[in-house]
Amino acid sequence: MGPFYDRLMNPAIILVAPEHAAALRDEFGRYVRDYDIRTTTSVAEAEQVAGSIVAAGGQVAMFVTESRLPDGPVFEAFARWRTVVATARRLVTVHWSHFLEDSVALRPGLAKGKYDASLLMPRGVRDEEFHTAVCELLSDWGSTVATPEVDTVRIISPGQDALAEGIRDFLDRMGMPNRTYTPDSDEGRAAIARAGADPTFPLVESVDREVFSPVSVRDVAVRVFGTPAGIELDAVVDVAVVGAGPAGLAAAVYASSEGLSTVVLEAEAVGGQAGTSSMIRNYLGFPRGISGMRLAQRARNQAIRFGTRFFTGWSVTSLEPGVDGAAHVVHTDGGDVRARAVVVATGVRYRKLGVPSVEAFVGLGVFYGSAMSAAREMEGTDVVVVGGGNSAGQAAIHLAKFARSVTILVRRDGLEATMSQYLISEIAHLPRVQVRTCSEVVGATGAGRIEQITVRGTRTGAEEVLPCRGLVLLLGAEPHCEWLPECLARDARGFVLTGRDVPADRWIDGLPPASLATTVPGVFAAGDIRATSMKRVAAASGEGASVVPLVHAWLEPEEG
Ligand SMILES: Cc1cc2nc3c(=O)[nH]c(=O)nc-3n(C[C@H](O)[C@H](O)[C@H](O)COP(=O)(O)OP(=O)(O)OC[C@H]3O[C@@H](n4cnc5c(N)ncnc54)[C@H](O)[C@@H]3O)c2cc1C
């Protein structure tokens, strides 16, 4: 079979071009190998074409529309198309003859998330800026569609399984293309044949096509990415970075780019909280936003290019500070790392709900922090997001692309005190998202997977059972600090104190530590784990970068 055998089933790009069809078709000519380019001339025709593609089992990757349409305003058009296909990316191309007027009219819609991007129609050949934006949108679509096209790692699982879901989430966040197969599929049968008699599920077929039965996500991490014990034990690295969220990743990029030998130890996948964010829209330099997963994967690749060594799936269990200039020792269950300087970048974790019947379904429809990859499975179902912060708002917007209904559930009587206004406005425009105030989750039931939750009114005490195939819990954060030694000063909640935040009785020679230095010489802290930090991606990565000059100063104090 040739490479184009399933051209007819290629995902569609629907052009809606009442005035400039020839120009747009010409422009999208370069995508015909991978996409089915359909040209329409009105809102209704595009809706009908999308409907027929979906009815035939096909996919629509993107709508590309002119800004002026014969049968309705462009924002209404997107709302109508969204009811037919919710996941397609939405691009407006503005003809230069009415660029100024239409760009101004379109701008408020972008802030409210009514479409993904607006671009000036190309005026000549090879407008690569235009096509970079198109490709970014398509790539973003590709990473959220139900069935990934490429699978470097295969998971064979007979049904709903918390371990299989955990493995898939880990691989997604590490940017490792993966796909789950049932045992009776062709791929499943082939893997089982290689696994030998009586295999335990889930089975994983790794990058090298070896088949094994992991008992934890870490087993997969070790197979794919190695262990800290792989480092020669006698070697002392310049910097050990603990945590690979934005702060740790930035510290790694800057430290290794400046010639310091750098090791990063990460308990889960790279990206930290940011890696679970479907779309970071306020990070400098990404006007169309960037998924946290992609930002993290790029940063990891960047750090690797400069020589950083990553060990993912390894939680640091303790830190033994070096005395009198000796190296610090960072302990993990997979080996120790000895480092002349340590950057603590372990961020925060979400609070637990503490309802046993709900905790029993974690990984089986219940997710803490985010449900980026699980969102695909929630297509057509009823989903509940608990929490009133920005992360809850973002999760609800992302889930609404897939779910039949999304309910944001909060104890307070509204979202205004806890969520940014731009998210509240965006949610108000999404008919599938409702907000249920003065409510809390007190129980859950289901056969093998969550199916219903019991919700209690905080004022009335009345209980109600709601259908719920996905429960995303975003309940506020507490620091990952249990592994830190007593001598490292922290505030009452456990956040690490640095610089002038350290109480004066812990200063040395009447001077506070440097801005990102802790009370343990040679140990620095960056990002959300730090008391008084801003709790944003840009701030965390800024601190990760800023820590590096302090590390240099510690490693090579100026001759005085
Ligand atoms: C869903 C969501 C959406 C968000 N959206 C935005 C947004 O749009 N814009 C914005 O500016 N901010 C956003 N934030 C906040 C932002 O993601 C955080 O401020 C940022 O990620 C903090 O980075 P960090 O590196 O300090 O910590 P984290 O991102 O928390 O990373 C810490 C890392 O350390 C690891 N770790 C913890 N303990 C250990 C251990 N003992 N050993 C090894 N590793 C360990 C963790 O697994 C984690 O990967 C969002 C947060 C969430 C949860």
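Along the sequence shown, residues are numbered consecutively beginning with 1. When a ligand or atom number is given, it counts from 1 through the structure's own listing order.
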Quick one about Arg294 and Ser139 (side-chain donor to acceptor, distance below 3.5 Å, no hydrogens or angles considered), yes or no?
yes

Considering only heavy atoms, which of Lys535, His480, Glu266 lies nearest to atom 35 (C) of ligand 1?
Glu266

Taking 4.0 angstrom as the limit and counting only heavy atoms of Trp483, give me the atoms of ligand 1 inside it, by number and element.
41 (N)

Can you sort out which atoms of ligand 1 are near Ala540, meaning under 4.0 Å from one of its heavy atoms?
22 (C), 23 (O), 26 (O)

Before accepting this row, confirm whether a basic side-chain N of the pair Glu478/Arg493 lies closer than 4.0 Å to the acidic partner's carboxylate O.
no

Between Tyr283 and ligand 1, which part of the residue brings a heavy atom under 4.0 Å of the ligand: side chain, backbone, both or neither?
neither

When you compare the side chains of Arg432 and Ser405, does any donor N or O come within less than 3.5 Å of an acceptor on the partner?
no

Measure Val270 to ligand 1 on non-hydrogen atoms and call it side chain, backbone, both or neither using the 4.0 Å cut-off.
neither

May I ask you to identify, for Leu265, whether its side chain, its backbone, both or neither come under 4.0 Å of ligand 1 on a heavy-atom basis?
backbone

Within the 3.5 Å criterion, strictly below it, is a donor on Tyr254 or Ser546 matched to an acceptor on the partner's side chain?
no

Please could you name the atoms of ligand 1 that Trp314 approaches to less than 4.0 Å, counting only its heavy atoms?
43 (C)

List the atom of Thr437, the atom of Gly414, and the distance in Å for their closest heavy-atom pair.
CG2-N, 3.7 Å

Taking only non-hydrogen atoms of Val348 and a 4.0 Å limit, the atoms of ligand 1 in range are 30 (O)

State plainly whether the residues Arg338 and Glu320 are in salt-bridge range, i.e. N to O under 4.0 Å.
no

Tell me the contacting part of Arg349 for ligand 1: side chain, backbone, both, or neither, using a 4.0 Å heavy-atom threshold, strictly below.
neither

Run the salt-bridge test on Arg300 and Glu266 with the 4.0 Å N-O cut-off and return the result as yes or no.
no

Numbering as shown, the atoms of ligand 1 that approach Gly527 to under 4.0 Å (heavy-atom distance):
26 (O)

